[in-house]
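This report concerns only the one structure given below.
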Amino acid sequence: MTETMIEVAGLGRTFGALRALDDVTLTVPKGTVLGLLGHNGAGKTTLVNVLTTLLPPTEGRASVAGFDVVRQAHQVRGRIGLTGQFAAVDEQLSGTDNLVLIARLLGASGRQARARAAELLDAFELTGTGRRPARTYSGGMRRRLDLAASLVGRPDVIFLDEPTTGLDPTSRMTMWRIVAKLVDDGTTVLLTTQYLDEADRLADSIAVLSGGRVVASGTAADLKAEVGQRTVSVTLAEPDDAVRAVTALQRAGLHPVPDPAGRALTTPVTASRELAVVVRALDEVGVDVAELAFSEPTLDDVYLALAHHGASTPTAA
Amino acid sequence: MTNTSAAAAPTVPGWRGSSPRTQILVLTTRSLRAVVQDPRLIVFSLVQPLVMLLLFSQIFSSVANTPGFPAGVGYIDFLMPAILVNTAMQAALQSGVGLINDMRNGVVARFRSLPIRMGSVLVARSLSDLVRTALQLLAMLVFATLLFGFSPAGGAAGVIATLALALVVSWGLGWLFLAIAAWLRNAEVMQMVGFVAMFPLMFASSAYVPVANLPGWLRAVATVNPVSHAVDAARALTLAQPGAGGATTAIGVSLAIAAVGAGLAVRGFRRPLPR
């Protein structure tokens, strides 16, 4: 049973002459995380705004939790949670009062609302600060309160627009843990980020957005296989060995690139077993190796390859 | 982080929305809480009208001896209805400023993603400001009675009628400022617009000096100025003098402004937030 929670088809949004979204098509199955990757101005926030009914699309259609974002905006709003780039909490109110307010607006009774607020403050490690006005909160606390606020109604789909931008590493880790837990509990998440490790870590599938278009999509592994490169990097014990090392590796059928400093070189490989080829080739000519490292392609490679020159690249996967 | 399952727990059905009545009630209470939690809001909003009351009652008291002035009336009794109307108008401007602050605060951004009507947010703002203005005007009346010897011929009934009239004016004008706020979305510009509009309207009127005493051109302006009509009606009620029928006109104009303002405010408020 793979129920679709977000369905987007041929979606476009223009602002005057600017095409902020151009023919975007994607689907997100229930209980999964879609990571939307792209640099500033790629259209991530515009897409989130359209899907959360804050902004009408100019073409195409989109549905969230089975409801059309234009014609059934009210139903969509009853089933989603949104955590934007800027904390949307009432700074004058305490954490508790913020959450109670939202619960009441969603239709909870006073007692249910207070119970839900206490539950969320506890879950988000904000218990001790529930009575303080939100303006006295630190950045990380405010984001957690904001996320708690978007979960009050137990939404089916959560939109997180750059949830960890500007947070310190500890707060980021806390945020990641919370998101992972939400997904475990069956919530569907759409997450935008500029951080590749974040997408790599949280997302089941990734869509790379550039100039308002989806230029690549698939799992992190798909994208890496498509674009990235596995490499072996070698640090030599003796700088003088550089030339001999390069020749030896070339003889073994590799294409090493020496580091300008002379002591190191890297070579692309197709699989990790070629590590042995490198070791053997260098051993045969008696070159001493100080350090040897194998690296998997990172999303950075994907990102750099696609996000900047992506417009002409066909969609992967 | 042992308890995060509470955050999602899909076994419990989610809440999907509330009636507009509940929305208005909850949102009005929210705004009024801010007043209760921070009474400075009321205290500081009283400073300006009190200073005006003090200064004007001293500076203009000799006006009471001029030919155009109603016979047998103390200047404070003449002045107080105008101060009430003026304070009510200032409160209407603050209503717009309050809406802009909410938009900046981030709380409006949250409301927009919830299944609530944007109209509820505006109605709640209007209602809570009405309550706040009522408290403010009552406090003014207490000060005027205790400290300035305000004791008009219209008695309690006249004063209550004046208070009600001032509140209707404030409420109607409040919608106009909510509309301006919803389209402008900038507190500084809003204050400026308010200041530029309010000052001439207030002074080129019958508020502080009988219209007959004004120079010719200003008298012409003051005669057509809607504020004059509101002040004249308020004054007639307070002093138990003829002319209270003007209150009907003042209420009619206020309701018309409210209707137009509310329509524009909802349209302006629905536009997407920037960013």
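The figures that follow rest on heavy atoms only: side chains count, while hydrogens, waters and symmetry mates do not. Letters A, B, ... are given to chains in the order of the sequence lines, protein chains preceding strands, and every chain is numbered from 1.
- Salt bridge absent: A/Asp90 and B/Arg110 never bring a charged side-chain N and a carboxylate O closer than 4.0 Å.
- Considering only heavy-atom pairs separated by less than 4.5 Å from chain B, the leading option among A/Ile158, A/Leu105, A/Leu82 is A/Leu105.
- Contacts with chain A were tallied for B/Leu114, B/Ile116, B/Leu25; B/Leu114 has the most, counting heavy-atom pairs under 4.5 Å.
- Nearest heavy-atom pair, A/Ala88 versus B/Ala109, reported as atom, atom and distance to 0.1 Å: CB-CB, 4.0 Å.
- B/Arg271 CZ: more than 12 foreign heavy atoms inside a 6.0 Å radius.
- Contact count against chain B (heavy-atom pairs under 4.5 Å) is highest for A/Arg79 among A/Arg79, A/Gln75, A/Arg104, A/Gln92.
- For A/Tyr195, the OH atom counts as densely surrounded, since its 6.0 Å shell holds more than 12 non-hydrogen atoms of other residues, nucleotides or ligands.
- Only the side chain of B/Arg33 has a heavy atom closer than 4.5 Å to any heavy atom of chain A.
- When each of A/Gly84, A/Pro133, A/Ala149 is scored by its heavy-atom pairs under 4.5 Å with chain B, the top score falls to A/Ala149.
- With hydrogens and angles disregarded, a donor-acceptor distance shorter than 3.5 Å links the side chain of B/Arg16 to the backbone of A/Gly78.
- Side-chain contact check for B/Pro272 versus A/Leu55: some heavy-atom pair is nearer than 4.5 Å.
- No part of A/Asn98 comes within reach of chain B, as not one of its non-hydrogen atoms sits under 4.5 angstrom from that chain.
- Note on A/Asp184, A/Leu106, A/Asp146: by heavy-atom pairs under 4.5 Å with chain B, the leading option is A/Leu106.
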Practice task
Take A/Ile102 and B/Trp15 through the side-chain contact (heavy atoms from CB on, under 4.5 Å) test and state the conclusion after the steps.
Solution key: CA-CA 10 Å; A/Ile102 292 162; B/Trp15 297 301; over 6 Å; no
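- The choice from A/Ala103, A/Ser150, A/Ala134 that makes the most heavy-atom pairs within less than 4.5 Å of chain B is A/Ser150.
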Practice task
Take B/Thr29 and A/Leu101 through the test side-chain contact (heavy atoms from CB on, under 4.5 Å) and record every step on the way to the result.
Solution key: CA-CA 10 Å; B/Thr29 316; A/Leu101 173 71; over 6 Å; no
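- Residue A/Arg132 places its CZ atom among more than 12 non-hydrogen atoms of other residues, nucleotides or ligands, all under 6.0 Å distant.
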